[in-house]
Trainee: 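A single structure is presented below for examination.
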Amino acid sequence: MTTTTRRTVLWTLGAGAAALGMPSILRAETKPRVVVLGGGAGGATAARYIAKDSKGALDVTLIDAAEKFTTCFFSNLYLGGYRDFESITHGYDTLESSYGIAKITAHATAIDRDAKQVVLADGSKVPYDRLVVSPGISLLYDSVPGYSEALSEDAPHAWKAGRQTQILKEKLDALEDGQKVIILPPPNPYRCPPGPYERASMMAHLMQAKGLTNSKVVILDVKEKFSKKGLFLEGWENHYPGMVEWYGPDIHGGIQHVDVAGGTVETDLDTFQGALLNIIPAQRAGEIALSAGLTDDSGYCPIDPASMRSQADPDIFVIGDASIAGDMPKSAFAANSQAKVASMTLRADLLGSKLFPAKYANTCWSLIATDDSVKVGGQYAPGDGKIASTAGFISQMHEEPEKRQANYEESLGWYKGIVSDMFG
Amino acid sequence: MLFFLITLVSARLDGRAETPFDPCRSCHEIGPGAKNRVGPHLDGILGRQAGSVDGFAYSKAMLKAGEDGLTWTAETLSEYVSKPRDFVPGNRMSFRGMVDAEDRAALIDWLRENSGAKPADDVTAVSPAPTVSSDMASIVLQTEGDPAYGEYLSTECVTCHQASGHADGIPSIVGLPRDYFIRALLAYQSNIRDNEVMKLITSSMGNEEMAALAAYFGSLSPN
Ligand SMILES: Cc1cc2nc3c(=O)[nH]c(=O)nc-3n(C[C@H](O)[C@H](O)[C@H](O)COP(=O)(O)OP(=O)(O)OC[C@H]3O[C@@H](n4cnc5c(N)ncnc54)[C@H](O)[C@@H]3O)c2cc1C
């Protein structure tokens, strides 16, 4: 039984007889309300699919703190000078005008699961029958000793796209020959496993293109292994000899402290000096998922692998980076794929539409240099109580340049594709 | 790349000599009785208004270009073929482009000589596609596809292949003839067409999935 007053009133007013045998929610004459919290890779896709496939039978509201969405994906290409900022920034206009989605631009401060409503910063409340939560990540600034949110103006993480990405770009563009950039990649799990290394490639590309041949990118990693490691190491050696240095914890022994003002990173081995520090701290699910009690000890949200339904609340679906998606990486492709399974299940909940077996996919392209793009991909399905990998591939080392160039073309096509799949 | 590969395979199979038209052949028919396939037939192409072949599901962009007066001449065709995506933005032709001006000139000379025939009376009738694993294909072709299942499965495809039918670095798969669609999936599955993502995606597909997807995408029109 739904609990809102309006529904109860309509019900008593005598929609009764007609409603016999129908799911409780259909008895009401108001449409069931779906709220999507977070308008990024997961949320925008979910809102669009729910609105499109329910053909007006559901009332869809999309809440995001921002007016426009800047994609993290391809933000490294912006840093490298391959894209401009506008080309990675997208509005919600088509979702509103062509799909009838109500977009609310506001920060959500809480999810009141008992009352089934989302509370916004101005105190107003948005009630839901089903809620999709796709808030992305929150950053644990103090996971890096000496770093803080306030210092991210000087040493940007740029791991949430927008102003942070622009700050990093401005600082990169201001580098002089001989100056170094230090990247501190995060520990697992984090969004976009190959992201820090694609970023290093784009920085080296920019340095090379501007003739800063004595500059360097130094990566001080907390991990011994990372996504596409062999491909990146090979690519750096081929394209940017001597310009990208990677140190794992076996070499540097551990990161002791960063001094943002002084531009230094102290490790067991040595103190590294950089004109620009790009510090990417550890991560967990977006704050709102934590405060709503949707997370477990890992800081991420357990879900049912066959539906993306929250294990904490059957009326809530958690998708994207905030979810524990088993073998899937935290990527926009993955979030987009999970959104479709959640949307299908949610429509079946509210409208009784048909359910098909859940399946998921991911492919991540990384640009190493002009026309040299590598990719990794996988297919996934529920299994062993998680979203389990069923097949996968990764680009090979020493591939033909034509193949890498075709990968790049393909990645451009993917960007266009996913953006139109998210925003219409 | 893909086009060349397919063409080479089919050229070898049917013993045809190499021609400048080979890269086009996997999608376009030309000569007596030619029909529309993935692309429109090319009989009478020189002097033809763009987007004007009956029964072919053109993109809105190509229809508009034709209405605005674009006619295929040696010059316009050469420019188009050099990079189709840029010459008529939003069109559906999934061909990266022929960069070399001499190659384009040779192609246009070849078209001038070979496009004079009359097309089939009914250009919309489907003719058999180049043979790729035809036994497999005919089994899948006999499977009736469930468009509702296809619609669900298609959500995986449209992350990359735009539902609008626009091709920007990844081919359009909207409105393709059913047999072509199925043969293409089989070709990826069996590595005749070389693409890791498509090999992966098709690896988990059975006849039912392929038939369902072909039915669904075949029912869409580009916009
Ligand atoms: C540098 C970099 C490169 C990347 N490259 C790729 C790539 O090439 N391919 C790929 O697939 N992925 C890539 N990714 C990963 C990808 O960006 C993320 O995995 C993806 O965006 C996750 O989607 P999401 O919906 O979970 O979160 P997001 O896309 O981050 O969306 C979350 C949204 O929720 C909103 N929000 C959060 N909390 C609230 C609140 N309380 N109130 C209101 N709004 C809220 C935020 O404003 C945001 O818009 C990259 C990431 C980075 C950092």
Side-chain angles (χ1 to χ4, degrees), chain A residues 41 45 48-49 52-53 332-337 339-341 343-344 347 353-365 374-381 389-396 399-400 402-403 405-422 424, chain B residues 1-5 83-86 89-90 92 94-97 99 146-174 188-189 191 193-206 208-209 212-213 216 222-223:
Chain A
T45 308
R48 180 168 165 271
Y49 271 80
K52 171 170 85 68
D53 294 340
F333 201 122
N336 169 273
S337 173
K340 291 160 185 175
V341 171
S343 307
M344 170 181 69
R347 284 190 299 113
S353 59
K354 198 164 169 184
L355 276 176
F356 295 101
K359 68 193 283 249
Y360 304 91
N362 177 64
T363 301
C364 283
W365 289 263
V374 292
K375 55 184 174 178
V376 59
Q379 291 254 303
Y380 309 84
S389 166
T390 53
F393 74 86
I394 181 162
S395 290
Q396 300 300 302
E399 276 171 340
E400 295 292 310
E402 292 76 31
K403 184 151 193 167
Q405 191 193 349
N407 288 348
Y408 179 56
E409 287 272 322
E410 194 175 75
S411 73
L412 297 178
W414 165 75
Y415 188 85
K416 281 261 189 181
I418 191 169
V419 162
S420 63
D421 204 31
M422 289 165 62
Chain B
M1 268 282 287
L2 300 182
F3 288 95
F4 286 102
L5 209 68
K83 195 159 187 200
R85 212 202 297 170
D86 287 356
R92 285 174 65 209
S94 306
F95 181 62
R96 239 206 248 168
V99 261
D146 170 5
Y149 187 33
E151 180 169 9
Y152 167 64
L153 293 173
S154 77
T155 61
E156 184 171 325
C157 315
V158 297
T159 302
C160 299
H161 300 274
Q162 296 173 59
S164 62
H166 291 196
D168 297 284
I170 287 190
S172 164
I173 55 171
V174 162
Y188 284 119
Q189 196 176 48
N191 241 354
R193 283 196 185 198
D194 172 26
N195 181 290
E196 296 95 332
V197 181
M198 286 308 298
K199 185 171 167 55
L200 180 72
I201 302 262
T202 50
S203 67
S204 61
M205 284 184 192
E208 224 180 291
E209 283 70 32
L213 282 167
Y216 176 68
N223 61 32

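Excluded from the calculations below are hydrogen atoms, water molecules and symmetry mates; all remaining heavy atoms, backbone and side chain alike, are included. Just so we're on the same page: letters track the sequence lines, and every chain starts at 1. Remember, it's a predicted structure, so these values are computed and weren't measured experimentally.
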Trainee: Given the rule in the side-chain contact (heavy atoms from CB on, under 4.5 Å) test, do B:Arg96 and A:Gln405 qualify, once you have shown the distances and angles that lead to the verdict?
Mentor: CA-CA 12 Å; B:Arg96 239 206 248 168; A:Gln405 191 193 349; 4.1 Å; yes

Trainee: Between B:His166, B:Glu151, B:Gln162, B:His161, which has the largest tally of heavy atom pairs under 4.5 Å with chain A?
Mentor: B:Gln162

Trainee: Does any backbone or side-chain atom of B:Leu153 lie under 4.5 Å from a heavy atom of chain A? Answer side chain, backbone, both or neither.
Mentor: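 Just the side chain, heavy atoms under 4.5 Å.
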
Trainee: Please flag which part of A:Tyr49 lies under 4.5 Å from any non-hydrogen atom of chain B: side chain, backbone, both or neither.
Mentor: side chain

Trainee: Would you please test A:Lys403 and B:Asp194 for side-chain contact (heavy atoms from CB on, under 4.5 Å) and show each step?
Mentor: CA-CA 10 Å; A:Lys403 184 151 193 167; B:Asp194 172 26; 3.8 Å; yes

Trainee: Just verifying a value: how many Å separate A:Tyr415 OH and B:Ile170 CD1, rounded to the nearest 0.5 Å?
Mentor: 14.0 Å

Trainee: Heavy-atom distances under 4.5 Å only: say whether A:Lys359 touches chain B with side chain, backbone, both or neither.
Mentor: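 For A:Lys359, heavy atoms of backbone and side chain both lie under 4.5 Å from chain B.
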
Trainee: For A:Thr363, which atoms come within 4.5 Å of any heavy atom of chain B: side chain, backbone, both, or neither?
Mentor: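 For A:Thr363, side-chain heavy atoms alone lie under 4.5 Å from chain B.
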
Trainee: Side chains of A:Met344 and B:Tyr152: does their closest heavy-atom pair fall under 4.5 Å?
Mentor: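 They are in contact (side-chain heavy atoms under 4.5 Å apart), so the answer is yes.
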
Trainee: Is A:Val341 in contact with chain B via its backbone, its side chain, both, or neither, using a 4.5 Å heavy-atom distance?
Mentor: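 It is the side chain, since no backbone atom gets that close.
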
Trainee: Which distance, rounded to the nearest 0.5 Å, do you find between the CD of B:Glu156 and the CG of A:Asn336?
Mentor: 10.0 Å

Trainee: Grab the two heavy atoms, one from B:Cys160 and one from A:Trp414, that are nearest each other, plus how far apart they are.
Mentor: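 Minimum heavy-atom separation between B:Cys160 and A:Trp414: SG-CD1, 3.5 Å.
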
Trainee: If you measure from NZ on A:Lys354 to CG on B:Asp146, what distance do you get to the nearest 0.5 Å?
Mentor: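 Result: 5.5 Å between the selected atoms.
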
Trainee: Atom NZ of residue position A:Lys52 - does it have more than 12 heavy atoms of other residues, nucleotides or ligands inside 6.0 Å?
Mentor: yes

Trainee: Can you tell which part of A:Ala391 gets under 4.5 Å to a heavy atom of chain B, answering side chain, backbone, both or neither?
Mentor: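 When you check distances to chain B, atoms from both the backbone and side chain of A:Ala391 fall under 4.5 Å.
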
Trainee: So which of B:Thr159, B:Asp168, B:Ile201 has the largest heavy-atom pair count under 4.5 angstrom toward chain A?
Mentor: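 Counting heavy-atom pairs under 4.5 Å, the top option is B:Thr159.
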
Trainee: Counting only heavy atoms closer than 4.5 Å, note whether B:Thr155 contacts chain A via side chain, backbone, both or neither.
Mentor: both

Trainee: If you compare all heavy atoms of B:Val197 against all heavy atoms of A:Trp365, which two are closest, and at what distance to 0.1 Å?
Mentor: CG2-CZ2, 4.3 Å

Trainee: Measure the shortest side-chain to side-chain distance between A:Glu409 and B:Arg85 over non-hydrogen atoms and say whether it is less than 4.5 angstrom.
Mentor: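 Sidechains of B:Arg85 and A:Glu409: in contact.
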
